[in-house]
Amino acid sequence: MDLILLGAPGAGKGTQGALLAERLGIPKIATGDILRDAVRRGTELGRQAKRYMDAGELVPDEVILGLVRDALREAERGAIFDGFPRNVSQAESLRSILEELGRRIDAVVSIDVPSEKIVRRMTGRRTDPETGLVYHLEHNPPPAEVRDRLVQRDDDREETVRHRLEVYRTTTEPLVAFYRESGVPLYAVDGDRAIDQVQGEILELLERNTPVGS
Ligand code: AP5
């Protein structure tokens, strides 16, 4: 199965993607995680990407497409795309890349959370650099033994979060219409609920395979 998770910054794509990857036994391809790893390792890609990420801007498409092609080599049975595609051009490229592999997008899940809740989520987010697991200081508290090593993302400052939300609205949100018009099964999920409730609904929708609005 090839599944896209759409949603604003902080909507819970990474959280739900990790749970789904484990449940469905397919890898998560998270372009943001790949870029952050390159920044941490100080590679040329990381140096190029950092200035876009810190400003809350999108990294150029050609860089991202190279990363996705590489990641797909390890994803022969399908993948969960988190944070990709981010604009119509990336969506068209993904369609072509999958076609070359004899595959297509099986479903798109849009996780919806009101903007005013997003900022609180992002400022309370902490990541474990050893496991990559994502926590929230209130909503998904980390176990005591990992608490001291948790880090906060550079782009989770309030001003940058607001800019990322604007970029999402203008550039990424049009993908909902793009996929609806393409006839790909599209599901809208209320992401403003407990993590396990959101996960339960996504799994139920995928099992029933009933496109939203049909
Ligand atoms: P990326 O890493 O993709 O960030 P994003 O899309 O802005 O999304 P986030 O990772 O911030 O949020 P999320 O939806 O995964 O939420 P999470 O599960 O962590 O991209 C970062 C940057 O990289 C971009 O700005 C851009 O520069 C670049 N980039 C990446 N991909 C690109 C691409 N394709 N093209 C161009 N540039 C690209 O949850 C957030 C918090 O809320 C956590 O603390 C979590 O514990 C908590 N939480 C989750 N679910 C719930 C819930 N149901 N209730 C309460 N709290 C919850």
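Owing to the predicted nature of the structure, the values given are computational and were not obtained by experimental measurement. Residue numbers run from 1 in the order of the sequence given. When reading the values below, keep in mind they use all heavy atoms of this one structure, side chains included, and skip hydrogens, waters and symmetry mates. Atoms within each ligand, like the ligands themselves, are counted from 1 in listed order.
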Atom 19 (O) of ligand 1 sits nearest the protein heavy atom R125 NH1, 2.6 Å

Among I80, L101, L98, find the one that has a side chain to side chain contact (heavy atoms under 4.5 Å, CB included) with D2.
-> L98

Can you pull out the closest protein heavy atom to atom 47 (C) of ligand 1? Residue, atom name and distance to 0.1 Å, please.
-> H136 CB, 4.0 Å

Looking only at heavy atoms, the pair that brings M53 and V39 closest together is SD-CG2, 4.3 Å

Identify, by atom number and element, the atoms of ligand 1 in contact range of H139, meaning under 4.0 Å from any of its heavy atoms.
-> 55 (C), 56 (N)

Would you call the rings of F81 and F84 parallel, tilted or perpendicular, where under 30° means parallel and over 60° means perpendicular?
-> tilted

Report the C-alpha distance between L205 and R208 in whole Å, list the side-chain angles of each, state the deciding distance to 0.1 Å, and finish with yes or no for side chain to side chain contact (heavy atoms under 4.5 Å, CB included).
-> CA-CA 5 Å; L205 285 167; R208 277 197 279 130; 4.2 Å; yes

Report the member of G14, G12, G10 with the shortest heavy-atom distance to atom 15 (O) of ligand 1.
-> G14

N/O of L58 under 3.5 Å from N/O of ligand 1, yes or no?
-> no

For ligand 1, which atoms have a heavy atom of P9 less than 4.0 angstrom away?
-> 5 (P), 7 (O), 8 (O), 12 (O)

Take V109 and L6 through the test side chain to side chain contact (heavy atoms under 4.5 Å, CB included) and record every step on the way to the result.
-> CA-CA 6 Å; V109 174; L6 275 184; over 6 Å; no

Just need the protein heavy atom nearest to atom 24 (C) of ligand 1, so name the residue and atom and give the distance.
-> R86 NH2, 3.5 Å

Check E57 against ligand 1 and report side chain, backbone, both or neither, counting heavy atoms closer than 4.0 Å.
-> backbone

Per-residue contact class, I64 against ligand 1 - non-hydrogen pairs under 4.0 Å = side chain

If you have a sec, work out which protein heavy atom is nearest atom 18 (O) of ligand 1 and how many Å separate them, to one decimal?
-> T15 OG1, 2.6 Å

Side chain to side chain contact (heavy atoms under 4.5 Å, CB included) partner of L5, the single match among L20, V108, T15 = L20

Would you mind checking if R126 and D156 are paired as a salt bridge, meaning a charged N to carboxylate O distance below 4.0 Å?
-> no

Of all the heavy-atom pairs spanning Y168 and P9, show the shortest one and how long it is.
-> CB-CD, 3.8 Å

Ligand 1 atoms in contact with V134 (distance to a heavy atom under 4.0 Å) = 19 (O), 43 (C)

Below 4.0 angstrom from a heavy atom of R193, which ligand 1 atoms are there? Numbered from 1 as shown, please.
-> 52 (C), 53 (N), 54 (N)

Distance to 0.1 Å, residue and atom name: give those for the protein heavy atom nearest to atom 31 (N) of ligand 1.
-> T31 OG1, 2.7 Å

From the options Q16, H136, H139, select the one residue that forms a side chain to side chain contact (heavy atoms under 4.5 Å, CB included) with I195.
-> Q16

Minimum-distance protein heavy atom relative to atom 8 (O) of ligand 1 | K13 NZ, 3.2 Å

Taking N or O atoms only and a 3.5 Å limit, does A11 qualify as a polar contact for ligand 1?
-> yes

Given side chain to side chain contact (heavy atoms under 4.5 Å, CB included), test L58 with T171 step by step and report yes or no.
-> CA-CA 9 Å; L58 295 185; T171 311; 3.8 Å; yes

Between R120 and E138, is there a salt bridge with N-O shorter than 4.0 Å?
-> no

Under 4.0 Å from ligand 1, counting heavy atoms only, is it the side chain of Q16, its backbone, both or neither?
-> neither

Shortest heavy-atom approach to atom 35 (N) of ligand 1 - which of H163, E138, Q90 | Q90

Which ligand 1 atoms are under 4.0 Å away from a heavy-atom of R36?
-> 2 (O), 21 (C)

Minimum-distance protein heavy atom relative to atom 10 (O) of ligand 1 = R153 NH1, 2.9 Å

Within reach of ligand 1, part of M53 (heavy-atom separation under 4.0 Å) | both

Relative to ligand 1, is L35 under 4.0 angstrom through side chain, backbone, both or neither, heavy atoms considered?
-> side chain

Number the atoms of ligand 1 from 1 as they appear, then name those within less than 4.0 Å of a heavy atom of A8, with their elements.
-> 14 (O)

Short list, please: which atoms of ligand 1 are under 4.0 Å from a heavy atom of G191?
-> 53 (N)

How far is atom 41 (C) of ligand 1 from its nearest protein heavy atom, and which residue and atom name does that atom have?
-> R121 O, 3.8 Å

Would you check if there is a donor-acceptor pair between the side chains of T31 and D33 at a distance under 3.5 Å?
-> no

Would R162 and E158 pass as an ion pair if we require N to O under 4.0 Å?
-> yes

Close-contact set for ligand 1 against M122 heavy atoms, below 4.0 Å | 11 (O)

Would you call R157 and D155 a salt bridge, using N to O less than 4.0 angstrom?
-> no

In K50, R40, R36, the residue satisfying salt bridge (charged side-chain N to carboxylate O under 4.0 Å, His left out) with D154 is K50

Specify side chain, backbone, both or neither for Y135, according to which of its non-hydrogen atoms lie closer than 4.0 Å to ligand 1.
-> backbone

